[in-house]
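For ligands, and for the atoms within them, numbers begin at 1 and follow the listed sequence.
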Amino acid sequence: MTDLNDAAPDAPTGVDTEKPSAARMYDWYLGGTQNWAVDREFGKKVEQLFPLIKEVARQNRQFLGRVVKAALDAGIRQFLDIGSGVPTVGNVHEVVRDHLPAGERATVVYVDYEPVAAAHATLILEEHAATNWAGIVQEDLRNPERILRHETTRRLLDLGQPVCLLMIAVMHFVGDHDRPVDLIRHYQRKLAPGSWLALTHLACDDASEEDQAAVRRFADAYKNTSNPGWLRDRGEIEPWFGDWTMVEPGLTHLPDWRPDHELNAVELRARPFWWCGVAEKPAT
Ligand SMILES: C[S@@+](CC[C@H](N)C(=O)[O-])C[C@H]1O[C@@H](n2cnc3c(N)ncnc32)[C@H](O)[C@@H]1O
């Protein structure tokens, strides 16, 4: 765990062009265009501290695609993507659209508190003529009831049926002060048996000492953004899934979760910097 103050700031009230934002920087890492000069400058700075950051972001995005396909294959037809980010290649609704068996319906609710992410998600869903089965809620994940009771959520999700809850690369922006476990439990309680929780979290406890130092410098640099971050180790993240049943292969590094290709040298170097897992709510 870093020694950063343990409280994340309040949700942004508008587009902050002065401070870099995690949503827009992540877009820059992935080669997107929804970022400002302040994000790109900061991105270049942190890339010097942690040169694998773009690869690390790509691996996270690839996991997201694999897990959405796995949930569809398991019969889940509803997705709640919390901390969905600025839409970029391989958004959840696109994976769903491309992987869903013909003639079937699935729904997607995106949630992000960042105005650029929310505005761009609205645009892209309109462009893709997807607004009747996908929507965006601009809200802070620390307000679970506002998200779950939001009219868009109620329109698109039936909480009596299984939901795939995606918390991908977002919980490291929630400090201990905001009680991440209690927040996760809140969402878990509201979901039906058969639901999945898929979670990824930046980490470095399995990396070399040199790489750990680089990632810690990277995480410290985020103190100067709208989204300070927290590194956590395997022992802290594993209990977050609670009494839900871990889906095979359990808690792993991203490329080890149901890999779909052989790793190249860069992918292997970037392997230790996340923990990821999927768990299923058992029948009561
Ligand atoms: C690194 S991006 C991840 C995007 C996407 N989930 C993915 O993995 O490809 C993290 C996103 O979480 C959002 N975020 C951070 N803290 C949040 C909070 N408290 N409530 C809602 N969204 C949050 C940021 O705005 C950002 O868009």
### Query
Do His128 and Glu94 pass the side-chain contact (heavy atoms from CB on, under 4.5 Å) test, and can you show the C-alpha distance, the side-chain angles, and the key distance before you say yes or no?
CA-CA 9 Å; His128 291 179; Glu94 293 169 300; 3.3 Å; yes
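Taken to the nearest 0.5 Å, the CG atom of Leu159 stands 11.0 Å off from the CZ atom of Arg149. Put simply, CH2 on Trp196 and CD on Glu280 are 7.0 Å apart, with the number rounded to the nearest 0.5 Å. Arg105 contributes atom CZ, which lies 12.5 Å from atom CZ of Arg77 (distance to the nearest 0.5 angstrom).
Of all the listed residues (Tyr113, Tyr110, Tyr29, Tyr26), Tyr113 holds the heavy atom that lies closest to atom 15 (C) of ligand 1.
The side chain to side chain contact (heavy atoms under 4.5 Å, CB included) test with Gln78 singles out one residue from Val96, Leu191, Val109, Leu157, and that residue is Leu157.
Considering both main-chain and side-chain atoms, Gly83 comes within under 3.5 Å of ligand 1 through a nitrogen or oxygen pair. Taking only nitrogen or oxygen atoms, main chain and side chain alike, Asp81 does not reach within less than 3.5 Å of ligand 1. Between Ala22 and ligand 1, no N or O atom pair is found at a separation short of 3.5 Å. Geometrically, ligand 1 and Ala117 share no nitrogen or oxygen pair separated by less than 3.5 Å.
Aromatic ring centres of Trp275 and His253: separated by under 6.0 Å. Phe79 and Tyr110 have their aromatic ring centers separated by at least 6.0 angstrom.
With respect to atom 8 (O) of ligand 1, the closest heavy atom belonging to the protein is Asn60 ND2, 2.7 Å. Scanning the protein for heavy atoms near atom 12 (O) of ligand 1, the closest one is Val170 CG2, 3.4 Å. Shortest contact from atom 19 (N) of ligand 1 to any protein heavy atom: Asp140 OD1, 3.0 Å. The protein atom (non-hydrogen) at minimum distance from atom 13 (C) of ligand 1 is Asp112 OD2, 3.3 Å. In terms of protein heavy-atom proximity, atom 10 (C) of ligand 1 is nearest to Ala169 O, 3.3 Å. Counting only heavy atoms of the protein, atom 20 (N) of ligand 1 lies nearest to Leu141 N, 2.9 Å.
The local environment of CD in Glu151 is sparse, with at most 12 non-hydrogen atoms from other residues, nucleotides or ligands closer than 6.0 Å.
A salt bridge links Arg142 with Asp178: at least one charged nitrogen is closer than 4.0 Å to a carboxylate oxygen. With respect to Glu248 and Arg258, no salt bridge is recorded, no charged nitrogen being found less than 4.0 Å from a carboxylate O. A salt bridge between Arg232 and Asp176 is present, with a side-chain N of the basic residue lying under 4.0 Å from a carboxylate O of the acidic one.
Residue Ala57 does not touch ligand 1, judged by heavy-atom distances below 4.0 Å. With a 4.0 Å heavy-atom cut-off, ligand 1 is reached by no atom of Leu166.
Shown in contact with Gly85 at under 4.0 Å from a heavy atom are these atoms of ligand 1, numbered in order with element: 4 (C), 27 (O). The distance from ligand 1 to the heavy atoms of Glu114 drops below 4.0 Å at these ligand atoms: 25 (O). Of all the atoms in ligand 1, the ones that sit under 4.0 Å from a non-hydrogen atom of Glu139 are 20 (N), 21 (C). Shown in contact with Ala23 at under 4.0 Å from a heavy atom are these atoms of ligand 1, numbered in order with element: 25 (O), 26 (C), 27 (O).
Ligand 1 does not have Met25 within reach: every non-hydrogen atom of the residue lies 4.0 Å or more from it.
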